[in-house]
Number of protein chains: 2
Amino acid sequence: MEDLICFALYAASRSVTAVYRPLLERLHLTYPQYLVMTVLWQRGASPIKEISGALQLDYGTLTPLLKRLETLGYVRRERRPDDERSVIVTLTAEGEALREQARDVPIEITQAMGLTPEATAVLRDTLRQITENTAAYTASQTRSNGSA
Amino acid sequence: MEDLICFALYAASRSVTAVYRPLLERLHLTYPQYLVMTVLWQRGASPIKEISGALQLDYGTLTPLLKRLETLGYVRRERRPDDERSVIVTLTAEGEALREQARDVPIEITQAMGLTPEATAVLRDTLRQITENTAAYTASQTRSNGSA
DNA sequence: GTCGATTAACTTGTGCACGATCTAATCGTG
DNA sequence: CACGATTAGATCGTGCACAAGTTAATCGAC
């Protein structure tokens with residue numbers, strides 16, 4: 001039964017991503033790339049560390065993803081002059097312009113999911129609780145396993 | 001806001017998988033491999049098509065995954081004599097024995113998620129509805145795009 | 001100022017996830 | 001029986017996701 005809930009989560013996540021896919025294909029974006037663009041649209045130029053924190057994705061995922069966004073011409077990657085360890089990701093004019101083209105994506109997704117606003121609110125709270133609890137659990141396990 | 005719910009789904013799914021990871025590592029399984037084993041434990045020997053249908057994963061994902069399970073010694077892959085197109089996946093004795101070692105995994109996961117039974121039930125229903133609605137949406141889009 | 005520790009990012013390797021293309025076996029209809 | 005269509009599965013290429021190890025810059029204690 002517990003497997004069912006985890007599988008339901010996994011299946012629903014993939015199924016929602018499948019709805020995004022054709023919509024984002026028009027913008028030449030994948031779903032994780034769209035999430036990164038959303039962070040940049042909302043926060044403006046950000047160091048990779050901040051993007052990593054916002055999406056909980058590590059550098060091994062983000063470094064090649066950001067290089068692809070740079071190749072597409074949507075972002076620039078530049079070392080910070082006052083701290084050369086840090087790389088700031090900045091939207092190009094094209095990347096900014098994309099925001100307008102992506103405007104209707106959330107509307108389409110909401111329609112496809114077909115939930116009531118109440119169900120959506122309950123779901124959001126439950127998912128946040130799961131993410132919080134499981135992250136805490138994983139962290140506690142990491143602390144106690146001797147990191148061997 | 002709608003992005004938030006989709007992101008919450010995506011983040012929760014990855015976070016739950018992260019809880020499975022160390023538990024399944026002891027069994028030399030990944031989460032998708034564990035799902036395949038669960039199907040086999042419940043249904044017994046099955047053609048790949050049935051596993052694909054149960055987990056909604058395509059052959060491009062399952063073929064290499066099943067080869068890895070075969071290399072581990074947990075399953076055998078054999079063409080069906082009466083229909084050579086079909087490949088039946090059968091548990092080995094080791095694969096059967098693994099079921100006992102995996103017995104406590106769902107209990108640990110349930111603890112880590114930390115939801116009440118009521119919240120779990122509501123979540124399950126909502127996730128199923130999302131999967132159903134989005135799958136229907138994707139199918140309708142596929143029909144109307146001229147498959148060009 | 002120097003040196004060990006920390007930090008931000010990159011690299012490499014493994015394993016999904018999925019689209020597209022291919023092959024071989026089976027089925028259906030004339 | 002023959003042959004086009006369907007079906008089950010494999011293969012290849014791209015892009016995440018994440019662990020482990022590496023590098024270069026910065027910080028801190030002395």
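Throughout, protein chains are lettered first and strands after them, A, B, ... in sequence-line order, and every chain is numbered starting at 1. Since the model is a prediction, treat every value here as computed from it, not as a measurement.
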Set of residues satisfying side chain to side chain donor-acceptor pair (under 3.5 Å) with respect to A:R103, sequence neighbours excluded = A:E100
task = Could you tell me which residues satisfy side chain to side chain donor-acceptor pair (under 3.5 Å) with A:T17, sequence neighbours excluded, listed by chain and number?
result = none
ask   = For A:R80, what residues pass the salt bridge (Lys or Arg N to Asp or Glu O under 4.0 Å) criterion, not counting sequence neighbours?
value = A:D82
Rounded interatomic separation in angstrom, taking CG from B:L65 and P from C:dC18 = 13 Å
request  = Please collect all ring-ring contact (aromatic ring centres under 6.0 Å, His included) contacts where either partner lies in residues 36-92 of chain B, sequence neighbours excluded, each pair once.
outcome  = none
request  = Strictly below 4.0 Å, heavy-atom distances to any atom of DNA chain C: list the hits from residues 26-53 of chain A, or just say none.
outcome  = A:I48, A:K49
query = Are any of the side-chain heavy atoms of B:E108 and A:Y137 separated by less than 4.5 Å?
reply = yes
note = Under a 4.0 Å heavy-atom criterion, DNA chain D is touched by chain B from D:dT7 to D:dA19
Table of protein N/O atoms under 3.5 Å from nucleotides 1-5 of chain C N/O atoms:
none

task = Tell me what B:T61 touches on the nucleic acid: a base, only sugar-phosphate, or nothing, going by heavy atoms under 4.0 Å.
result = base
Show me the pairs that pass salt bridge (Lys or Arg N to Asp or Glu O under 4.0 Å) and involve [range], at least two apart or across chains.
range: residues 61-73 of chain A; result: A:E70-A:R77
range: residues 83-97 of chain A; result: A:D83-A:R85
range: residues 34-54 of chain B; result: B:R43-B:E50

request  = Give a yes or no on whether A:E132 atom CD has more than 12 heavy-atom contacts from other residues, nucleotides or ligands under 6.0 Å away.
outcome  = no
request  = Would you mind telling me which residue lines up with the more 5' stretch of DNA chain C, A:L62 or A:E25, judged by nearest nucleotide?
outcome  = A:L62
Of A:S86 and A:R21, the one whose closest DNA chain C nucleotide lies more 5' = A:S86
request  = For the pair A:Y10 and B:Y31, name the ring-plane relationship: parallel under 30°, tilted 30 to 60°, perpendicular over 60°.
outcome  = perpendicular
Polar-atom pairs under 3.5 Å, protein N or O versus N or O of nucleotides 23-29 of chain C: list them with distances, or write none.
unit_1, atom_1, unit_2, atom_2, d
C:dT26, OP1, B:E84, N, 3.0

inquiry  = According to side chain to side chain contact (heavy atoms under 4.5 Å, CB included), who are the partners of B:A18, at least two apart in sequence or on a separate chain?
reply    = A:T138, B:R21
